[in-house]
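Contents: one structure, followed by commentary.
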Amino acid sequence: MPKKWTASSIKESKGRQKLICLTAYDYTSSRLLDESGVNLILVGDSLAGTILGYKNTLPVTMEEMLHHTSAAARGIQNALLVADMPFMSYQVSTEQALTNGGRFLKEAGADAVKIEGGEIRVDTIKTLVANGIPVLGHIGLMPQSINQLGGYKVQGKKPPEAKQLIKDAVALEKAGVFAIVLECIPPRLAAEITKAVKVPTIGIGAGRHCDGQILVTHDMLGLSQDLSPKFAKRYAELGNEIKEAVKEYSKDVQSGKFPADEHTY
Ligand code: KIV
């Protein structure tokens, strides 16, 4: 029996089932994912590369995120819809984070928001949660901090970094997040964090011991033209299928095979 997932039911699912999470940025794909039983759909700021053609996530604006979140919301019945708060929409002040976070729920139909960062985000998360905005945390590789991190690298390999990530996860839990994304960290550390917190961990490049997994849908369906990361298993090669279909269409148009009688009024 399908049911509407909420931030609370996602939180309570820990230990009961593995969470299936994917990204979507529009009505058609969110509807397909929702109908396939995905539990949590993220309108990620990966929108930058997958849809908008930016080279990283930094240029994405609030207006772009709101626009795509509204479209995705219209395709969802059961999954929890989480909107990624874009770079500089929550870092400047708690007030600004609250205003922008609220817009995702009020104007775009999101159920929750995601923000990147550990201990440093505690006050912001407390404020959002206290005002009715559920928050999904995100630690490890944080693409919005790419200039600080010096590249898309595995995080937490050295013991002090690993220790800090565990502290970050515990701080996020205390601040009130309903789940935490762990991106690109060693599987043993992900397992340790998963044990240390009572909220579900959702891994991406963090091994199999997390409470759920998330991937960028364009990567897993083979739609990304650029090299996709090692962790992004490709379950289909839709990019190639699209090209083949377009080539066949071109041939048919050129040869006069399309449109045939059955496509003509
Ligand atoms: O922007 C995004 O798509 C993400 C994840 C894949 C976790 O943050």
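Counting convention: from 1, in listed order, for ligands and their atoms alike.
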Quiz item: Between D84 and ligand 1, which part of the residue brings a heavy atom under 4.0 Å of the ligand: side chain, backbone, both or neither?
Solution: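 For D84, only side-chain atoms sit under 4.0 Å from ligand 1.
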
Self-check item: salt_bridge(E244, K247) N-O dist < 4.0 Å
Solution: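 Salt bridge flag = yes for K247 with E244.
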
Check each atom of ligand 1 against the heavy atoms of [X] and keep those under 4.0 Å away; list them by number with element.
{"X": "H138", "result": "8 (O)"}
{"X": "V216", "result": "3 (O), 6 (C)"}
{"X": "G44", "result": "1 (O), 2 (C), 3 (O)"}

May I ask you to decide if [Y]'s main-chain N or O and [X]'s side chain share a donor-acceptor pair within less than 3.5 Å?
{"X": "T57", "Y": "S46", "result": "no"}
{"X": "E173", "Y": "K198", "result": "yes"}
{"X": "E116", "Y": "Q144", "result": "yes"}

Self-check item: Within-cut-off N or O pair, E183 and ligand 1, under 3.5 Å
Solution: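 Among all N and O atoms of E183, none is under 3.5 Å from an N or O of ligand 1.
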
Exercise. Kindly confirm or rule out an N or O of T23 lying under 3.5 angstrom from an N or O of ligand 1.
Key: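 T23 vs ligand 1: no N/O contact under 3.5 Å.
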
Quiz item: Do we see a donor-acceptor contact under 3.5 Å between the side chains of D168 and Q164?
Solution: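 Distance-only check passes for D168 and Q164.
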
Quiz prompt | Cluster check F104, L52: I/L/V/M/F/W/Y, side chain < 4.5 angstrom | solution =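 Yes.
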
Practice problem: Would you tell me which option among L42, L182, L215, L141 has the nearest heavy-atom contact to atom 5 (C) of ligand 1? | Solution: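 Answer by nearest heavy atom: L42.
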
Exercise. Just need the protein heavy atom nearest to atom 2 (C) of ligand 1, so name the residue and atom and give the distance.
Key: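 Closest protein heavy atom to atom 2 (C) of ligand 1: S46 OG, 3.3 Å.
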
Practice problem: Could you find the nearest protein heavy atom to atom 6 (C) of ligand 1 and give me its residue, atom name and distance? | Solution: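 Of every protein heavy atom, I204 CD1, 3.5 Å lies nearest to atom 6 (C) of ligand 1.
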
Practice problem: Starting at OG of S9, measure out to CZ of F178 and round the result to the nearest 0.5 Å. | Solution: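 Separation between the atoms: 9.5 Å.
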
Quiz item: Are any of the heavy atoms in K114 under 4.0 Å away from ligand 1?
Solution: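 Checking ligand 1 against K114, which is what was asked, there is a heavy-atom contact under 4.0 Å.
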
